[in-house]
Amino acid sequence: MLWKRTARPLTIRFGAKTDVGRVRSENQDDYGRFPEMRAERDGDQLFVVADGMGGHEDGGRASRTAIEAAREAYFAEPDGPVEERLRRAFEAANLRVYEQAHTGATPKKMGTTCTALALKDAGAYLAHVGDSRAYLINRRGISQLTRDHTLVDALRREGVLTEAEAERHPQRHALVRAIGIERGVEVDVRQLDPPAVGDAYLLCSDGLARVSSAEIRDIVRADTPQQAAERLVDLANERGGHDNVTVLVVKIE
Ligand code: MN
């Protein structure tokens, strides 16, 4: 299907990279781009980043499970309103991870963040739970499209903590919302401004936290999506690689 509201169809360029980092022994982050086949002008695409949490192997299972469940639910009803499809996709992801955690005698501690960008026809949509992030980069600059579902970010927004205090806070990664922790989940879903030629979207896990938004902006502008994703992951690793890191870049051309 072609993009409807433009004189010529927009081309979607995609790149992504995930890495274990320099400290952790396993990578519990994951990402997906659906449909998986090369379809730069496909009019219904879903991009997802998830950062899993849990004991040995459970975090990785949580992020993989969430992405797979979200993909299935999102494409199960291709004709519905996109915001509704995203909400159902995240609810399905939440329930599947929750049930996975509760199959044994003792519930496992597992969960995941999940941030998704949907491009459908001439529209862009976002769904988000946790502290992975989405940014928009274009000629005007870079803007963060998500807010972190962390206690520290809530305190920062209330003015209890300054920006600098929030960035260094020891509890800055403690989430107030995640996929798979409870039977239900509140999902942030919204329609974005329609994508235009020159726009780029970036989804990332919190492993990118030591790379500034100005650096993200400059690298995404200068490079192809794949090069940008790789350079940003390298930069996170050069600054310690304290966490798994995942970067997904979508450019509209
Ligand atoms: Mn992380």
Side-chain angles (χ1 to χ4, degrees), residues 16-32 47-71 73 86 89-117 126-134 144 146-156 166-188 202-211 233 236-237 239-248:
K17 169 94 175 164
T18 185
D19 191 78
V20 67
R22 297 210 168 146
V23 174
R24 305 279 175 92
S25 60
E26 58 184 296
N27 190 354
Q28 303 193 330
D29 284 6
D30 201 2
Y31 71 86
F47 305 87
V48 193
V49 164
D51 177 349
M53 298 152 273
H56 182 57
E57 289 183 356
D58 290 337
R61 210 145 59 90
S63 57
R64 277 197 310 279
T65 300
I67 290 176
E68 183 58 20
R71 179 190 68 77
L86 281 172
F90 272 52
E91 286 167 358
N94 181 73
L95 199 56
R96 201 175 298 177
V97 176
Y98 180 85
E99 283 172 351
Q100 209 164 57
H102 288 80
T103 45
T106 47
K108 292 195 179 88
K109 283 208 171 87
M110 59 193 281
T112 184
T113 74
C114 201
T115 301
L117 169 74
L126 198 69
H128 169 64
V129 173
D131 70 346
S132 296
R133 287 181 175 179
Q144 189 177 329
T146 48
R147 66 183 179 85
D148 300 343
H149 295 143
T150 57
L151 186 59
V152 163
D153 196 59
L155 294 172
R156 182 192 60 78
E167 271 174 28
R168 287 192 305 265
H169 200 284
Q171 293 297 311
R172 65 188 176 279
H173 298 300
L175 298 180
V176 290
R177 253 197 262 177
I179 294 285
I181 305 300
E182 291 172 43
R183 196 168 273 284
V185 67
E186 188 188 342
V187 187
D188 289 358
L202 179 139
L203 309 184
C204 63
S205 65
D206 67 339
L208 198 64
R210 294 188 181 196
V211 178
V233 165
N237 282 333
R239 293 183 185 168
H242 299 273
D243 194 4
N244 306 150
V245 57
T246 303
V247 178
L248 185 160

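Note that this is a predicted model, so its numbers are computed, not measured.
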Hydrogens and angles aside, do [X] and [Y] bring a side-chain donor and acceptor to less than 3.5 Å of each other?
| X | Y | answer |
| --- | --- | --- |
| T115 | S132 | no |
| T18 | D29 | no |
| H242 | R210 | yes |
| D243 | H173 | no |

Could you report the tightest heavy-atom contact between [X] and [Y], atom names first, then the distance?
| X | Y | value |
| --- | --- | --- |
| V49 | S205 | CG1-N, 4.0 Å |
| M110 | A101 | CG-CB, 3.5 Å |
| D153 | R147 | OD2-CB, 4.2 Å |
| A70 | A89 | O-CB, 3.4 Å |
| V185 | I179 | CG1-CD1, 4.5 Å |
| A127 | L86 | CB-CB, 4.0 Å |

List the residues meeting side chain to side chain donor-acceptor pair (under 3.5 Å) with [X], not counting sequence neighbours, and say none if there are none.
| X | result |
| --- | --- |
| R64 | none |
| H102 | none |
| D51 | none |

Lys/Arg N to Asp/Glu carboxylate O, D148 vs R133, below 4.0 Å: yes
Please report the interatomic distance [atom1]([X]) to [atom2]([Y]), rounded to the nearest 0.5 Å.
| X | Y | atom1 | atom2 | result |
| --- | --- | --- | --- | --- |
| L248 | T246 | CG | OG1 | 9.0 Å |
| T150 | R172 | OG1 | CZ | 10.5 Å |
| L175 | D206 | CG | CG | 8.0 Å |

Please examine the side chains of [Y] and [X], heavy atoms only from C-beta on, and report whether any two atoms are closer than 4.5 Å.
| X | Y | result |
| --- | --- | --- |
| L203 | F47 | yes |
| H56 | E26 | yes |
| L155 | H169 | no |
| R71 | V48 | no |
| V247 | K17 | no |

Between [X] (side chain only) and [Y] (backbone N and O only), is there a donor and an acceptor less than 3.5 Å apart?
| X | Y | answer |
| --- | --- | --- |
| R177 | V129 | no |
| N94 | G180 | yes |
| D131 | H149 | no |

So, using salt bridge (charged side-chain N to carboxylate O under 4.0 Å, His left out) as the criterion, who are the partners of D19 when residues are at least two apart? none
For L95, enumerate each residue passing the side-chain contact (heavy atoms from CB on, under 4.5 Å) test, keeping only those at least two apart in sequence or located in another chain. E99, R183
Check side-chain contact (heavy atoms from CB on, under 4.5 Å) between R96 and all other residues, then give those that pass, not counting sequence neighbours. T65, E68, A69, E72
